[in-house]
Amino acid sequence: MDLGIAGNTALLTASSSGLGKASAMALAREGVNVVINGRDTAKLEAAREEIEAEALGEVMAHPADLTDAEALEGLVDATLDTFGRLDHLVTSAGGPPSGAFLDTDDADWYDAYDLLVMSVVRLVRHCAPHLKADGGGTIVTITSRSVKEALDALVLSNSVRMSVIGLEKTLSKELAPEVRTNAVLPGAHETARIRELIAQAMERGDYDSYEEGLADWGAGNPLQRIGDPMELGHTVAFLSSPLSGYINGAAIPIDGGSGASNL
């Protein structure tokens, strides 16, 4: 299916691996020029080469720390200097540390807010005028299903990510009609983090094989598996396209139906 976004430009944060990279891959396959971002330059370059091998548009890699305000402004400027336009912003960030409330200090809260919320605030501030130009654009925020249903020992993610959803809903009204803003709420996907956790469990003797661990992760899911990152990536590409033109202000779970929330 042609999503009608070939020749557009998309900026994706935290996209050297995982769900951000899958989203960049999905957009690049549609002929979108993509700018990928991460802190590890070697990892970022490897991701660029992988995406470029399947891209129908151009791929640029630009390192930046999401908690550095000047670096984020430089990321946006580099995108505009290279491609002359910006049509789509996809925000993502690594999760904050796990832990219970009483084990979390003030610094942990401020760090989580800076990473998860202020990175989006600063990016949208710099990107909004350009997203509004040339017929309008889209914003997709990749958050977590924890905004629908609190997860054990993830007090920072459960609490702070809710601010991203409040921001997303507000932007869907303030930036419309030129810019549509939506969020995706991933459950477990087979990312490097999941592979690492399964490997650690194998070392402890919890699983005899990777396949056993993977099956265990998906055992409680109605689809009896965890997600492929590209399944989320395809959703992000669809939300960035005119084919989803009446979807605005939505927060869409992508979790195989594992959540218990009605809404």
Side-chain angles (χ1 to χ4, degrees), residues 3 5 8-68 71-80 82-83 86-96 115-120 122-124 126-127 130-131 137-144 161 164 168 181-186 189-196 227-241 254:
L3 296 183
I5 50 179
N8 286 185
T9 296
L11 168 59
L12 303 96
T13 61
S15 46
S16 62
S17 64
L19 301 178
K21 185 175 80 169
S23 300
M25 179 69 82
L27 288 164
R29 288 173 177 171
E30 291 294 324
V32 176
N33 301 317
V34 299
V35 179
I36 62 172
N37 153 259
R39 289 180 299 175
D40 185 325
T41 54
K43 188 176 180 181
L44 188 60
E45 180 60 20
R48 185 196 64 77
E49 292 178 358
E50 183 180 347
I51 296 168
E52 199 169 56
E54 300 187 35
L56 298 180
E58 296 184 44
V59 184
M60 183 178 87
H62 189 92
D65 185 336
L66 295 183
T67 64
D68 184 330
L72 289 181
E73 185 174 5
L75 175 61
V76 177
D77 288 346
T79 300
L80 294 168
T82 301
F83 295 112
L86 178 59
D87 305 279
H88 312 288
L89 172 65
V90 181
T91 67
S92 182
L115 173 65
L116 297 177
V117 182
M118 289 309 300
S119 63
V120 181
R122 290 161 178 154
L123 281 163
V124 173
H126 296 312
C127 293
H130 308 286
L131 293 171
T138 65
I139 299 171
V140 180
T141 61
I142 302 175
T143 60
S144 168
R161 288 187 191 275
V164 180
E168 172 256 333
T181 307
N182 293 291
V184 291
L185 319 179
H189 286 70
E190 194 178 357
T191 60
R193 177 59 175 160
I194 295 294
R195 291 192 290 271
E196 178 185 353
D228 182 326
M230 287 308 305
E231 292 175 305
L232 182 135
H234 293 317
T235 304
V236 170
F238 173 70
L239 290 173
S240 302
S241 80
I254 305 178

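Worth saying up front: this structure is predicted, and the values here are computed from it rather than measured.
- When side chains are defined from C-beta on, V90 does not count as touching I139, because their heavy atoms never get closer than 4.5 Å.
- The shortest side-chain heavy-atom distance between V140 and H88 does not fall under the 4.5 Å cut-off.
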The test is side-chain contact (heavy atoms from CB on, under 4.5 Å); show your working for T181 and T138 and say whether it passes. CA-CA 6 Å; T181 307; T138 65; over 6 Å; no
Might you work through the side-chain contact (heavy atoms from CB on, under 4.5 Å) test for L131 and D87, ending with a clear yes or no? CA-CA 5 Å; L131 293 171; D87 305 279; 5.5 Å; no
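- When all heavy atoms are compared, the tightest approach of N182 to E168 is CA-OE2, 3.5 Å.
- The two atoms that bring S241 and I5 nearest to each other are CA-CG2, 3.8 Å, heavy atoms only.
- Heavy atoms only, all atoms of each residue included: A24 and I51 are closest at CB-CD1, 3.8 Å.
- Taken from NE2 in H130 to CG in L89, the straight-line distance is 11.5 Å, to the nearest 0.5 Å.
- Across L116 and V164, no two heavy atoms sit closer than the pair O-CG2, 3.4 Å.
- Checked by atom type, the side-chain pair D228/H189 shows no donor-acceptor distance below 3.5 Å.
- The distance from the CG atom of L72 to the CG atom of D65 is 8.0 Å, given to the nearest 0.5 Å.
- Atom CG of L12 is separated from atom OG of S240 by 8.0 Å, given to the nearest 0.5 angstrom.
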side-chain contact (heavy atoms from CB on, under 4.5 Å), that's the test. Do V76 and L123 meet it? Break it down for me. CA-CA 8 Å; V76 177; L123 281 163; 4.0 Å; yes
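- The distance from atom CG of L19 to atom CD of E231, rounded to the nearest 0.5 Å, is 11.0 Å.
- Residues passing the side-chain contact (heavy atoms from CB on, under 4.5 Å) test with A14 are L66, S92, sequence neighbours excluded.
- For the pair T235 and L239, the minimum side-chain heavy-atom distance is below 4.5 Å.
- For the pair I142/L232, a side-chain contact is recorded, criterion being any heavy-atom separation below 4.5 Å from C-beta on.
- The closest side-chain heavy-atom distance from E73 to R122 is not below 4.5 Å.
- T82 places no side-chain N or O within donor-acceptor distance of the main-chain N or O of T79, the cut-off being under 3.5 Å.
- Contact annotation: the side chain of E50 approaches that of K21 to within less than 4.5 Å [non-hydrogen atoms, C-beta and beyond].
- Residues passing the side-chain contact (heavy atoms from CB on, under 4.5 Å) test with A46: none are found, sequence neighbours excluded.
- Nearest heavy-atom pair across L115 and G94 is CD2-O, 3.3 Å.
- Taking CZ of R48 as the start and CD of E58 as the end, the distance is 11.0 Å to the nearest 0.5 Å.
- Of all heavy-atom pairs spanning L75 and T13, the tightest one is CD2-CG2, 4.3 Å.
- Contact of the S144 side chain with the L185 side chain is not registered, since no non-hydrogen atoms from C-beta on lie closer than 4.5 Å.
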I36 vs M60, test: side-chain contact (heavy atoms from CB on, under 4.5 Å). Steps then yes/no. CA-CA 6 Å; I36 62 172; M60 183 178 87; over 6 Å; no
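- Going from atom CG of N8 over to atom CZ of F83 covers 12.0 Å, rounded to the nearest 0.5 Å.
- Screening residues 28-41 for side chain to side chain donor-acceptor pair (under 3.5 Å) gives R29-E54 as the qualifying pairs, with residues at least two apart or on separate chains.
- Counting only heavy atoms from C-beta outward, the side chains of V32 and T9 never approach each other to under 4.5 Å.
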